[in-house]
Each structure stands twice: as C-alpha cells, then as structure tokens.
Chemist: 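Take a look at the following structure, please.
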Number of protein chains: 2
Amino acid sequence: MARSADPALAERRRREIVEAAMTCFRRRGFHQASMQEICAAAGMSAGALYRYFPSKADIIVAIAEEEHRDAEELIDAIANGADITQSLMTLVRDVVGRCVEDHPLTADVLAEAMRDTELAKRFREHVIHMQRRLAIAIAAGQRRGSVDLGINPETAARLVTVMIDGLILRAAVIRDDDPEALTAALRTFVDRLLKPGSGQVPRHIARMLTDSES
Amino acid sequence: MARSADPALAERRRREIVEAAMTCFRRRGFHQASMQEICAAAGMSAGALYRYFPSKADIIVAIAEEEHRDAEELIDAIANGADITQSLMTLVRDVVGRCVEDHPLTADVLAEAMRDTELAKRFREHVIHMQRRLAIAIAAGQRRGSVDLGINPETAARLVTVMIDGLILRAAVIRDDDPEALTAALRTFVDRLLKPGSGQVPRHIARMLTDSES
DNA sequence: ACCTGAACACCGTTCAAGT
DNA sequence: ACCTGAACACCGTTCAAGT
C-alpha cells in the first residue's frame with residue numbers, strides 16, 4: 001500500500017480505484033474485468049493502482065466492506081422504528097432492491113469469500129452484527145407488545161437474516177420472479193413469525209380472544 | 001464438442017473431465033483452477049479436453065446441471081413422505097449438509113450465473129421446479145391434515161425454497177455458525193409456517209380448541 | 001513522492017502435426 | 001478419429017526509468 005506522504009491523496013486515489021472497479025465489476029464481473037480496464041476507468045496506470053491496492057483481491061475486500069457498511073446502516077435505521085413488522089418489510093425491500101442493482105457485486109463477494117480468508121472473516125462478523133442488531137430490535141418489539149412473546153428474539157433474528165440472504169440470492173439470479181407474490185410471501189413469513197397471536201386461530205376463537213382480552 | 005464416432009467414449013471422456021474439474025474447483029475455485037490443472041487431473045491434453053468441452057464455462061454448466069439434478073432428486077424423495085414437517089427438516093439437513101462439502105462449487109455456479117445467460121436460465125428452471133414440487137407436497141399435507149389450512153401452498157413453498165437458499169449461503173460462508181441453534185430456528189420456522197394451529201394461541205384457548213374440535 | 005508502461009510468468013484457447 | 005503440445009493473445013503483477 002506504500003507509506004504515503006499525503007494521506008489525503010492516498011484516500012482520494014483509493015476511492016477513485018474502488019469506484020472504477022465497482023463500475024467494471026458490475027459490468028463484467030470480478031474475474032472477467034481486467035486490471036487494465038480498471039486502470040483505464042480510474043484514469044491511471046497499472047503501477048499507480050498497485051501503489052494503493054496490493055492486489056485485485058484487496059479491491060474486492062474494500063468493496064465488501066462498503067456493502068456491509070451500507071447494510072448495517074439500513075438495519076440500524078430500522079432498529080429504531082416503532083413497528084418492527086413494517087420496518088422489516090421496508091428493510092427487505094431496501095436490501096433486495098439495492099441488490100438488484102448490485103447483485104453481481106454481491107455474488108462476486110460471496111464467491112471470493114469462499115477462498116479468501118480475510119473476506120470470509122469480514123463476512124462472518126457482518127452477519128453476526130446484523131443478527132445481534134435485529135435480535136435487540138425484536139426483543140424491544142416484544143416489550144412494546146408488537147412482537148409475539150412465544151418466539152425467542154435470537155431465533156427470530158437468525159431466521160430473518162437467513163431469509164434476507166435467500167431473498168438477495170433469489171433477486172440476483174431470478175430477476176423476474178413474481179415480485180408481488182414474493183412480497184405477499186414475505187408478509188406471511190413476518191406475520192407468522194412475529195405477529196402476536198397470528199392467523200392460525202379459527203375465526204370464532206379469534207373473536208373470543210379479542211372479546212375477552214382487548 | 002466435435003461429432004463423435006464413438007458416443008460411449010465421448011460420454012466417458014465428459015464424465016472424466018467433469019469429475020476432474022469438480023476436484024480442482026472444489027480445491028481452488030472456478031477461476032483460480034487452471035485448464036492445465038484440470039487436464040492433468042483428467043489425464044489428458046488441452047486439445048483432448050477442448051474436443052469435449054468448448055470452453056471452461058461449459059464445464060461449470062455441466063456441474064450446475066448435476067447439482068440441480070441431485071437437489072431435485074432430494075425434493076422428489078421428500079415429496080412422497082407422509083410427515084411434511086419432518087421431511088422438510090430432513091431435506092434441509094441433506095441439502096445444507098451436502099453443501100458443506102460442495103459450498104465452493106455452489107458459490108461458483110451462482111457467481112457465474114450472474115453473467116452466463118445459459119447458466120441463469122437453468123438456475124431459474126431449477127428453482128421453479130423445486131417450488132412446484134414443494135407446493136404440491138404441501139397441498140397434499142393440507143389434505144392429510146398435517147399442514148395448517150391457513151397458508152397458501154405456493155406461498156409456503158416459496159418461503160421454504162428461499163429459506164433453503166439462505167441456509168446454503170450461510171453454511172457456505174459461515175462454517176461454524178452454531179448448528180444446533182440453526183436447527184432449532186429451522187424447527188421454529190417450519191412449525192410456525194406449516195403446523196396446524198401453532199404455538200401463538202394462548203394455552204387456555206388452545207385447550208378449548210382441542211376440547212371442542214378433536 | 002508519485003507515476004509510467006514495457007516486461008514477466010501464466011492464463012484460456014487454437015491448431016498444425018502426429019498416431 | 002482421437003490426441004499432443006507448442007503457439008497466440010491476454011491476464012495480474014513488478015520494476016527500472018521518468019518527473
């Protein structure tokens with residue numbers, strides 16, 4: 001990475017490179033895009049680029065860091081929302097929506113994480129962070145009465161994050177999967193998992209419940 | 001692929017190549033493994049290999065076909081099981097378990113599908129097939145009374161397949177994620193989604209339900 | 001200090017030459 | 001018909017030479 005006399009310049013160059021690489025990777029994928037392409041997009045020579053990133057793999061680590069930072073900002077935002085059910089729907093729409101744009105980057109990061117120890121470690125920490133934040137938000141929802149008390153917050157958080165991963169993957173590969181059916185399915189998932197006393201109760205019993213308890 | 005005078009030889013060679021490639025890809029990943037390595041593992045020259053596969057990309061298409069065929073056999077097997085809840089737990093254990101071995105292949109196939117139209121098409125068809133089979137099995141479960149009538153079979157099938165994708169992804173990247181917690185979470189997911197009249201009903205009401213209806 | 005771009009070892013793929 | 005392996009264009013990375 002070369003000790004720099006001008007940290008501001010170094011930071012600026014790194015951003016230029018990451019930005020250029022993201023454009024190239026989105027267009028052609030991590031392994032299909034060449035360093036020459038990235039150099040051209042960033043407006044610098046190979047030698048200059050290698051002054052700021054010791055290898056192509058390090059560029060994708062920087063991209064993964066950015067993706068994870070973005071996702072964590074999203075989840076921190078919803079963690080403060082009052083209605084956890086609605087917040088989750090919004091979160092998933094945002095995460096999956098953003099992914100539709102960046103699906104190739106996400107898939108590339110994943111595939112690289114399978115080999116790259118550094119990347120795998122960051123991925124792991126990211127998932128753990130997401131899960132913890134969500135568990136806290138769900139527990140808060142339980143105290144507020146907006147989440148069913150019958151479910152363990154850690155369990156719910158685990159299921160939601162796994163579901164989000166699955167949704168991202170699906171949005172990435174199956175671009176035209178019926179989006180309304182998916183949203184409806186997600187609603188069902190969130191309701192059955194989190195809604196206090198959910199729809200499985202027969203109507204006449206549900207009436208008794210509301211009559212006697214609210 | 002070269003019209004062959006001996007179709008049996010051609011089939012044998014293709015298998016040798018796919019087998020060799022799977023070994024190499026598992027070890028080093030799709031893009032890290034070189035054609036020279038695959039040739040050496042298959043015991044043939046570059047020219048010979050290219051007689052049977054027109055490109056590296058076509059080898060991964062063959063591998064994806066095999067993965068999909070395996071997964072579809074698994075789902076067809078459970079579709080005939082009596083207890084859909086238990087079958088699903090078994091299915092997930094099998095799919096995720098198999099994946100722990102083949103996670104790098106799965107991730108490589110996914111990342112390639114992001115660029116490779118041919119691969120993406122096969123992926124799409126595979127997901128649709130899985131979903132249809134599962135929906136049929138779930139509908140059968142409803143007729144047998146082992147699945148809650150309050151859920152749409154297509155919706156449930158969609159959620160289960162998305163969840164499976166998420167689980168594969170997680171098993172692939174986060175190898176040491178607490179497996180027991182994951183199994184327990186999955187149990188919760190399946191129960192809340194499919195079990196007739198699940199745990200959200202308060203105990204005194206549940207008692208009334210069983211007293212008056214069964 | 002920062003940058004250039006030719007050079008290096010290696011990649012996927014081809015094809016003239018062998019049997 | 002089937003196979004070999006040197007050759008081709010191109011890859012990620014390095015480094016002597018410039019400013």
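Values in this document were obtained by computation on a predicted structure and should not be read as measured data. Residue numbers start from 1 in every chain, and the chains themselves are labelled A, B, ... in the order their sequence lines are given, proteins ahead of strands.
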Chemist: Expressed as a whole number of angstroms, how long is the span from M44(A):CE to dG18(D):P?
Modeler: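 Spelled out: CE on M44(A) to P on dG18(D) is 23 Å.
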Chemist: Counting Watson-Crick and G-U wobble pairs only, both distances under 3.5 Å, name the nucleotide matched with dG18(C), or none.
Modeler: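 Partner of dG18(C): dC2(D).
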Chemist: Anything under 30° is parallel, anything over 60° is perpendicular, the rest tilted; go ahead and classify F123(B) against H68(B).
Modeler: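 Perpendicular: the ring planes of F123(B) and H68(B) meet at over 60°.
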Chemist: With nearest nucleotides of DNA chain D determined for A48(A) and R28(A) from heavy-atom distances, which residue corresponds to the more 5′ nucleotide?
Modeler: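 With A48(A) and R28(A) compared, the 5'-side residue is R28(A).
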Chemist: Would you kindly give the CD1-to-P distance between I38(A) and dC11(D), to the nearest whole Å?
Modeler: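 Atom-to-atom, I38(A) to dC11(D), this comes out as 11 Å.
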Chemist: So, R14(B) and E19(B), do they make that salt bridge, N to O below 4.0 Å?
Modeler: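 Here R14(B) does not pair with E19(B) in a salt bridge, since their nearest N and O are not under 4.0 Å apart.
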Chemist: What is the distance from CE of M35(A) to P of dT14(D), rounded to the nearest Å?
Modeler: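 Distance, rounded to whole Å: 10 Å.
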Chemist: Rounded to whole angstroms, how far apart are CZ on F53(A) and C1' on dT14(D)?
Modeler: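 So the CZ-C1' distance, F53(A) to dT14(D), works out to 18 Å.
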Chemist: Rounded to whole Å, please give me the gap between CG in L9(A) and P in dA1(C).
Modeler: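 Distance check: L9(A) CG to dA1(C) P gives 13 Å.
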Chemist: Applying the Watson-Crick and G-U wobble criteria at under 3.5 Å, what pairs with dC8(C)? Answer none if nothing qualifies.
Modeler: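 In the structure as shown, dC8(C) has dG12(D) as its Watson-Crick or wobble partner.
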Chemist: Just how far is it from atom CZ of R122(B) to atom CG of D116(B), taken to the nearest 0.5 Å?
Modeler: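 It comes to 9.0 Å.
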Chemist: Name the residue closer to the 5' end of DNA chain D, choosing between G47(A) and A33(A) according to the nucleotide with the nearest heavy atom.
Modeler: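 Result of the comparison: A33(A).
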Chemist: When you measure from the side-chain N and O atoms of Y52(B) to the phosphate of dC3(D), is any distance below 4.0 Å, counting only OP1 and OP2?
Modeler: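 Yes, because at least one side-chain N or O of Y52(B) sits under 4.0 Å from OP1 or OP2 of dC3(D).
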Chemist: What integer distance in Å separates K56(A):NZ from dC11(C):C1'?
Modeler: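 It works out to 12 Å between those atoms.
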Chemist: Should the pair F25(A) and F30(A) be assigned to parallel (<30°), tilted (30 to 60°) or perpendicular (>60°) ring geometry?
Modeler: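 Because their plane-to-plane angle is over 60°, the rings of F25(A) and F30(A) count as perpendicular.
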Chemist: Starting at CD of Q32(A) and ending at C1' of dC10(D), how long is that distance when rounded to a whole Å?
Modeler: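 Rounded to whole Å, this separation is 14 Å.
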Chemist: Establish, with yes or no, whether the OP1 or OP2 oxygen of dA1(C) is under 4.0 angstrom from a side-chain nitrogen or oxygen of R51(A).
Modeler: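 It does not, given that no N or O in the side chain of R51(A) lies less than 4.0 Å from OP1 or OP2 of dA1(C).
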Chemist: Which residue, L88(B), D148(B), L159(B), forms the side chain to side chain contact (heavy atoms under 4.5 Å, CB included) with L194(B)?
Modeler: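 Going through the options one by one, the only one that passes is L88(B).
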Chemist: Figure out the CD1/P separation between I59(A) and dC11(D), and round it to whole Å.
Modeler: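 Nearest whole value for this atom pair: 15 Å.
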Chemist: Would you classify S45(A) as touching base, sugar-phosphate or nothing, given that sugar-phosphate means primed atoms plus P, OP1 and OP2, and contacts are heavy atoms under 4.0 Å?
Modeler: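 Base: the residue S45(A), judged by heavy atoms under 4.0 Å, touches a nucleobase.
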Chemist: Which of the following nucleotides, dC3(D), dT13(C), dC2(D), is nearest to the side chain of D6(B)?
Modeler: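 Taking heavy atoms from C-beta onward, the closest nucleotide is dC2(D).
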Chemist: Are Y50(A) and dT13(D) close enough that a side-chain N or O sits under 4.0 Å from OP1 or OP2?
Modeler: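 Yes.
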Chemist: Judged by each residue's nearest nucleotide on DNA chain C, which is more toward the 5′ side, Q36(A) or L49(A)?
Modeler: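 Whichever sits nearer the 5' end wins; that is L49(A).
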